[in-house]
There are 2 protein chains.
Amino acid sequence: MKEGPDLSRVAALVGDPARANMLSALMGGTALTASELALEAGVSLPTASSHLAKLCDGGLVRVAAQGRHRYFALAGTQVALMIEAISGVAEAVGPQRTRPGPRDRAMREARVCYDHLAGERGVALFDHLVARGLLVEDAERLTPSDAGRRWFEALDIDVGALKQARRPMCRACLDWSVRRSHLSGSLGAAMLDTITTRGWARRDKHSRAVVFTPTGRRAFDKLLAD
Amino acid sequence: MKEGPDLSRVAALVGDPARANMLSALMGGTALTASELALEAGVSLPTASSHLAKLCDGGLVRVAAQGRHRYFALAGTQVALMIEAISGVAEAVGPQRTRPGPRDRAMREARVCYDHLAGERGVALFDHLVARGLLVEDAERLTPSDAGRRWFEALDIDVGALKQARRPMCRACLDWSVRRSHLSGSLGAAMLDTITTRGWARRDKHSRAVVFTPTGRRAFDKLLAD
DNA sequence: ACAACGCTTCGACTACCATCGAACCGTGAT
DNA sequence: ATCACGGTTCGATGGTAGTCGAAGCGTTGT
């Protein structure tokens with residue numbers, strides 16, 4: 001009867017539209033305040049507060065008090081992974097939604113997945129790294145090769161420094177739009193950071209979409225050209 | 001506000017305890033009848049029927065009418081993947097549950113994930129295959145090498161035949177107990193089939209656990225010994 | 001001190017939905 | 001034909017959880 005972890009408890013947390021919207025917003029990776037999330041979810045502030053309390057209590061969301069602000073963020077990569085997985089089946093089974101408009105197209109091309117790059121460009125990056133042997137899968141985990149290390153250093157990403165962090169550096173994260181893997185982990189996060197700080201792309205203010213500038217697109221394509 | 005696929009719709013489906021129990025039961029991979037699922041979920045038959053209608057309607061479950069029986073099964077691997085992901089965070093955030101008893105220990109050691117082997121033994125198998133170069137990750141997907149093909153054929157698994165199927169042959173599926181990947185896809189299913197038909201292990205009747213016989217354990221270990 | 005602001009708590013209302021008993025509908029067996 | 005069986009539909013009931021306005025609390029700035 002009751003076996004294993006309690007699925008329904010955590011699923012029910014995501015099962016409310018307001019909370020789902022908040023979690024979607026938090027998939028952007030940046031921490032948000034209660035009022036921002038209330039706006040995002042389309043509910044009043046008290047309602048949002050109640051929901052956030054539940055999300056915290058349920059362990060899906062972490063809160064950091066800072067002065068008179070309280071910043072909410074996803075509790076961890078595992079939660080982000082789950083949200084993406086749910087999005088995957090929602091996408092697959094829910095063609096009754098509005099058909100893919102220009103907005104969805106942007107999401108497909110490139111979007112933020114928690115703190116790294118997903119979508120077609122994310123997958124393209126991942127494929128390139130693996131195909132060129134810059135990323136290799138040894139026994140149990142994905143690690144950059146020596147050539148890969150040099151490749152990243154050319155982008156001012158210090159692989160050695162990231163290695164220190166307790167967080168897994170590389171992960172393959174399954175994509176819901178394209179059905180393939182993209183680069184996750186701290187290395188994925190650093191990669192997205194590079195892309196934005198170099199002005200190749202900016203994060204859309206009201207969605208998780210990542211919109212590339214024309215020059216940024218060229219630079220990115222050139223990076224993968226060989 | 002409303003962007004991307006509708007998370008809450010599908011999450012809410014999993015959010016009910018009765019439905020979650022049914023889905024857990026279906027993670028065993030075998031199709032079950034409505035009455036079996038009612039028993040599993042601990043609800044009356046009408047209630048179960050109502051839930052199953054919703055699950056079908058929501059696209060999480062497929063039904064196959066066969067005489068006066070109606071067999072229910074998960075709609076696909078993507079759904080199974082999602083369930084595992086949710087289990088993952090439920091496991092991570094829910095230490096308020098009963099502490100890991102012998103039953104949970106069995107689940108950790110080996111269990112069925114939809115139709116393939118998960119848990120420590122599933123991960124051990126996957127690690128061995130990758131470490132020995134029997135499975136290699138080329139540009140975008142995991143494929144058995146020539147040596148791997150021979151390795152599988154020694155177990156009477158015809159890799160060529162599996163390749164024909166429309167279903168992806170190999171997939172890396174993230175594990176909730178151990179935090180690593182195990183072999184999914186039709187090859188993973190064939191592997192589990194081999195293990196059970198050879199009598200190395202049998203599937204527990206009332207859970208997803210896979211219990212190895214002493215001789216089966218030896219045979220399996222020997223398989224991975226090198 | 002006082003006021004503005006961000007957020008939480010309280011209380012009351014509402015709506016939805018899970019639940020079950022009983023009746024109903026097919027299919028398969030006698 | 002008739003009965004047993006698996007399953008669904010219907011109707012009524014009850015509980016639970018989302019919702020918001022108003023009030024309360026702590027922090028920051030003037």
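Heavy-atom basis, side chains included; hydrogens, waters and symmetry copies ignored. Everything numeric here is computed off the predicted structure, so don't read it as measured data. Just so we're on the same page: letters track the sequence lines, and every chain starts at 1.
- For A/Arg198, the salt bridge (Lys or Arg N to Asp or Glu O under 4.0 Å) partners at least two apart in sequence or on another chain are A/Asp156.
- Close approach of DNA chain D to chain B, defined as any atom under 4.0 Å from a non-hydrogen atom of the protein, starts and stops at D/dA4 to D/dT9.
- We find that CE of B/Met22 is positioned 11 Å from P of C/dA18, with the value rounded to whole Å.
- Side-chain contact of A/Thr33 with A/Glu36: a donor-acceptor pair under 3.5 Å is present, judged by distance alone.
- Using modelled atom types and a 3.5 Å distance limit, the side chains of A/Ser44 and A/Thr47 yield a donor-acceptor pair.
- Within the 3.5 Å criterion, the main-chain N or O of B/Leu45 finds no donor-acceptor partner in the side chain of B/Ser49.
- Using modelled atom types, one side-chain atom of A/Ser87 and one backbone atom of A/Ile83 make a donor-acceptor pair closer than 3.5 Å.
- Take B/Asp193 and apply the side chain to side chain contact (heavy atoms under 4.5 Å, CB included) test, not counting sequence neighbours, and it matches B/Thr196, B/Thr197.
- For A/Thr213, the side chain to side chain contact (heavy atoms under 4.5 Å, CB included) partners two or more places apart in sequence, or in a different chain, are A/Thr215.
- With sequence neighbours left out, the ring-ring contact (aromatic ring centres under 6.0 Å, His included) criterion links A/Phe212 to A/Phe220.
- No donor-acceptor pair closer than 3.5 Å links the side chain of B/His69 to the backbone N or O of B/Gln66.
- Salt bridge B/Arg19/B/Glu40: absent, no basic N to carboxylate O contact under 4.0 Å.
- Axis orientation changes by 30° from one end of the helix from C/dA1-D/dT30 to C/dT30-D/dA1 to the other, with each end axis drawn from 5 pairs and the value rounded to 10°.
- Residues B/Leu32 and B/Tyr71 form no side-chain contact, since every pair of their non-hydrogen atoms from C-beta on lies 4.5 Å or further apart.
- Of the possible donor and acceptor atoms, none in the side chain of B/Ser50 sits under 3.5 Å from a partner among the backbone N and O of B/Pro46.
- Only B/Thr33, B/Ala34, B/Ser35, listed by number, bring a heavy atom of residues 28-37 of chain B to less than 4.0 angstrom from any atom of DNA chain D.
- For A/Glu109, the salt bridge (Lys or Arg N to Asp or Glu O under 4.0 Å) partners two or more places apart in sequence, or in a different chain, are A/Arg121, A/Arg217.
- Looking at residues two or more places apart in sequence or on another chain, you find a side chain to side chain contact (heavy atoms under 4.5 Å, CB included) between B/Ala73 and B/Ala31.
- Non-hydrogen atoms lying under 4.0 Å from DNA chain C are contributed by B/Pro46, B/Thr47, B/His51, B/Lys54, all within residues 46-57 of chain B.
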Polar atom pairs between nucleotides 27-30 of chain C and protein, under 3.5 Å, N or O only, would you list them?
none

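- Residues forming a side chain to side chain contact (heavy atoms under 4.5 Å, CB included) with A/Val112 (at least two apart in sequence, or on another chain): A/Leu192, A/Arg203, A/Val210.
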